[in-house]
2 protein chains.
Amino acid sequence: MSKLSWIAVDWGTTQLRAWAMDSEDQVIANTSSDRGMGRLTPPEFESALLELVEPWLEASTPALVVACGMVGARQGWHEAPYADVKDAFDPQITWVDTTDQRLHVCILPGVRQLVPADVMRGEETQITGVLALEPKFNGMLCLPGTHTKWAEVKEGTLRGFKTYMTGEIFGLLSSASVLSHSVNGSAMDQTAFIESVLTVAKHPESLAGSLFSIRSMDLLHGASPAVARARLSGSLIGAELASVTSNTALESETLIIGTDQLAKLYAAGLRALDKPARMLNADDCTLAGLKRAKAGLTLDVL
Amino acid sequence: MSKLSWIAVDWGTTQLRAWAMDSEDQVIANTSSDRGMGRLTPPEFESALLELVEPWLEASTPALVVACGMVGARQGWHEAPYADVKDAFDPQITWVDTTDQRLHVCILPGVRQLVPADVMRGEETQITGVLALEPKFNGMLCLPGTHTKWAEVKEGTLRGFKTYMTGEIFGLLSSASVLSHSVNGSAMDQTAFIESVLTVAKHPESLAGSLFSIRSMDLLHGASPAVARARLSGSLIGAELASVTSNTALESETLIIGTDQLAKLYAAGLRALDKPARMLNADDCTLAGLKRAKAGLTLDVL
């Protein structure tokens with residue numbers, strides 16, 4: 001293995017991931033665990049990190065660790081106060097005291113937008129990464145997840161962003177509502193998904209009435225779980241796209257940060273609405289963002 | 001106490017209620033318990049009923065029991081197959097065998113609508129009751145609840161209905177989503193409620209983007225729980241009213257079946273949209289519907 005120069009960390013609510021980086025910012029190893037912020041109390045963070053990265057450490061040289069995500073929330077390891085939108089790509093970092101002297105840990109802040117009020121933690125690093133990978137990009141970024149973020153990027157700056165709870169609402173309705181009896185399984189009917197996206201994106205007033213009908217269609221006409229699940233997902237994503245397209249025409253290509261099943265649904269929904277969309281690998285964006293943050297540190301702080 | 005003639009029963013998912021009726025259809029006693037359909041297996045229904053009504057029974061004369069609601073669902077005491085919409089006010093009843101010979105129990109069916117697919121169990125009896133109380137009413141009925149029903153009544157017939165999951169979605173989002181941290185308590189700011197209803201009813205495309213902002217407003221600007229709760233409730237009811245008013249102009253008065261807090265929110269929302277609305281006591285409607293069903297039985301079956 002090449003010599004360790006620093007460690008990049010993405011520490012979200014459910015997952016902790018780390019990359020060992022050499023002095024050329026190349027990945028020499030990577031690892032992960034399910035010890036996300038949501039499962040840890042503040043004193044447990046250091047050992048959760050050590051558990052993963054200790055094999056990379058040398059006794060003589062402290063390793064710089066650059067971490068982004070919910071690790072910096074109030075309920076995280078150490079609160080990293082939000083940066084304002086205008087400082088999103090040049091943020092103040094927060095240093096964390098560690099017991100183990102081989103670790104030299106800093107946390108990147110989240111970003112807050114005062115009007116309209118909104119916050120993010122972790123996605124700002126992916127957005128930084130997109131601009132590192134595609135410095136000339138102007139347009140909308142879509143970062144799908146439990147809380148999907150839409151961010152507008154123009155001339156190398158973050159202009160604003162908006163959060164949608166679509167993923168969390170889908171999770172609750174599919175697991176804990178009366179619809180759970182109808183949408184079981186993981187299969188998704190693509191045709192029914194696109195139909196539902198188009199219906200609700202074009203007629204957002206139809207959303208509220210479309211949800212219970214998923215159950216009724218099953219009770220009276222025996223709709224398949226794959227169709228029911230597709231109608232629920234499509235209706236909710238359609239409502240999100242109605243909101244997004246009411247604020248921006250999405251004339252240029254939308255970049256979707258993610259290549260998983262959820263990112264593919266957003267891509268399919270956008271294309272059905274004749275909106276061009278392209279997917280970028282989310283890990284690539286995260287890592288590019290952490291590299292750029294680390295480069296800033298080298299100049300200013302180290 | 002006057003002599004018992006029959007027993008009216010409203011047996012929903014969470015509650016069981018019974019009224020002792022004399023031969024003039026006057027209430028001579030009433031009682032209730034929390035042994036709703038959702039907490040019982042089929043063999044437990046008879047004892048749950050006896051627990052409440054046994055003091056009213058006489059050894060010599062079997063008492064007629066007329067029951068409506070989820071008691072007739074597949075998971076209830078005995079399935080009472082759905083009536084079609086056209087037969088909603090003249091339904092086939094289902095007799096239930098009992099061990100105790102003092103009980104002579106029948107269950108009213110729910111109603112199904114094939115296109116657009118929809119179902120109800122219990123509300124059809126309240127709708128029957130509204131027509132017994134106000135036989136000349138033409139227009140929309142709103143029956144607020146976990147699953148709110150909107151029904152169109154014209155010339156003494158049920159023309160169609162639609163179910164909205166608004167109450168269930170509010171329950172899930174306020175107790176189990178990230179919004180639960182912001183909407184705690186039961187207070188509701190009336191001004192914020194009306195503002196949210198109007199915004200989403202007039203601009204239904206704004207719904208998806210309005211939900212996470214309830215959390216962000218709290219995080220960044222310290223919104224009060226009463227305002228946050230009002231915005232969540234108002235946005236969801238506004239989305240429902242957007243759907244309802246896209247299908248019907250609501251030019252004549254809407255009758256709201258219920259006088260509780262939820263019914264008052266619907267009334268306030270409708271009035272803010274310049275739609276006339278009047279509340280009817282839900283128990284009065286249920287009882288009027290059960291009386292009318294019992295009167296039909298006397299002629300046809302007994």
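Just so it is clear: chains get the letters A, B, ... in the order the sequence lines come, proteins before strands, and each one is counted from 1. Values below: all heavy atoms of this structure, side chains included; hydrogens, waters and symmetry mates excluded. All values reported here derive from a predicted model rather than from experimental measurement.
Using a 4.5 Å cut-off on side-chain heavy atoms (C-beta onward), B:Thr163 and A:Ser216 make no contact. At least one side-chain heavy atom of A:Leu173 sits under 4.5 Å from a side-chain heavy atom of B:Met165. Taking 4.5 Å as the limit, some side-chain heavy atom of B:Ile169 sits within range of a side-chain heavy atom of A:Leu211.
For the pair A:Lys149 and B:Phe212, the cation sits on the ring face: its NZ or CZ lies under 6.0 Å from the ring centre, inside 45° of the axis.
Put simply, of A:Leu241, A:Leu179, A:Leu219, A:Val244, the one with the most heavy-atom pairs under 4.5 Å next to chain B is A:Leu179. Among A:Arg215, A:His147, A:Glu240, A:His203, the residue with the largest count of heavy-atom pairs under 4.5 Å with chain B is A:His147. Here A:Ser177 is the residue among A:Ser210, A:Ser177, A:Ala239, A:Ser246 with the most heavy-atom pairs under 4.5 Å with chain B.
Across all non-hydrogen atoms, the minimal contact from B:Gly209 to A:Lys162 is O-NZ, 3.3 Å. Smallest separation of non-hydrogen atoms from A:Ala242 and B:Glu205: O-CB, 3.9 Å. Closest of all the heavy-atom pairs between B:Glu168 and A:Ala176 is OE2-O, 4.0 Å. Residues B:Ala208 and A:Ser243 share a closest heavy-atom pair of CB-CB, 4.4 Å.
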> What's the verdict on side chain to side chain contact (heavy atoms under 4.5 Å, CB included) for B:His221 and A:Leu114, showing C-alpha distance, side-chain angles and the deciding distance?
Replying inline: CA-CA 8 Å; B:His221 305 298; A:Leu114 292 178; 3.9 Å; yes
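The parts of A:Val178 that come within reach of chain B are both its backbone and its side chain, each placing non-hydrogen atoms under 4.5 angstrom from that chain. Only the side chain of A:Leu207 comes within less than 4.5 Å of a heavy atom of chain B; its backbone N, CA, C and O stay farther away. Residue A:Leu172 touches chain B through both its backbone and its side chain, counting heavy-atom pairs closer than 4.5 Å.
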